[in-house]
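Have a look at the structure below, then the notes.
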Amino acid sequence: MQVREAKAGFSALVEAAENGEPTIITKHGKPTAMIVPIDEGRKLYPQSSQKKFVDFLLQYPGGIELERNESPSRDVEF
């Protein structure tokens with residue numbers, strides 16, 4: 001199915017996936033994406049393998065050093 005058709009019939013693609021039918025999306029005649037049932041997707045990308053964003057940042061090579069400017073940005077009167 002071409003991208004244009006997939007856009008027009010997205011709800012039908014979701015329903016097909018619910019019924020266990022995968023759909024291949026093409027762009028200029030080349031397969032580029034696939035909509036699959038959630039169970040099949042989780043086999044490929046288990047939830048437990050998704051890392052938290054903070055863990056991703058902490059694995060940055062060389063570390064990340066952040067400095068906080070403690071000075072007030074403006075005068076505040078109470």
Side-chain angles (χ1 to χ4, degrees):
M1 174 177 288
Q2 293 182 3
V3 172
R4 175 182 54 240
E5 295 168 354
K7 286 181 183 179
F10 184 71
S11 59
L13 294 176
V14 172
E15 189 173 324
E18 280 182 321
N19 294 325
E21 301 173 35
T23 304
I24 295 175
I25 310 296
T26 63
K27 189 172 184 179
H28 305 294
K30 289 179 62 177
T32 56
M34 179 182 277
I35 298 177
V36 297
I38 193 73
D39 293 337
E40 296 299 317
R42 285 189 175 147
K43 287 178 188 175
L44 295 171
Y45 301 101
Q47 296 289 336
S48 61
S49 71
Q50 293 180 355
K51 296 181 181 179
K52 294 180 182 176
F53 184 63
V54 69
D55 294 332
F56 172 76
L57 290 177
L58 290 173
Q59 291 178 353
Y60 182 77
I64 299 174
E65 293 183 29
L66 303 174
E67 292 182 21
R68 181 174 180 181
N69 183 346
E70 297 289 336
S71 63
S73 57
R74 60 187 168 104
D75 293 332
V76 179
E77 293 182 29
F78 292 100

Cluster partners of M34, using ILVMFWY side-chain heavy atoms under 4.5 angstrom, listed by chain and number?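 M34 shares its hydrophobic cluster with I24, V36.
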Spacing of K7 atom NZ and I25 atom CD1 [to the nearest 0.5 Å]: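 Result: 11.5 Å between the selected atoms.
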Just wondering, more than 12 heavy atoms not from E15 lying within 6.0 Å of its CD?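 No.
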Looking only at heavy atoms, what is the nearest atom pair of S71 and N69, with distance?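 It is OG-OD1, 2.6 Å.
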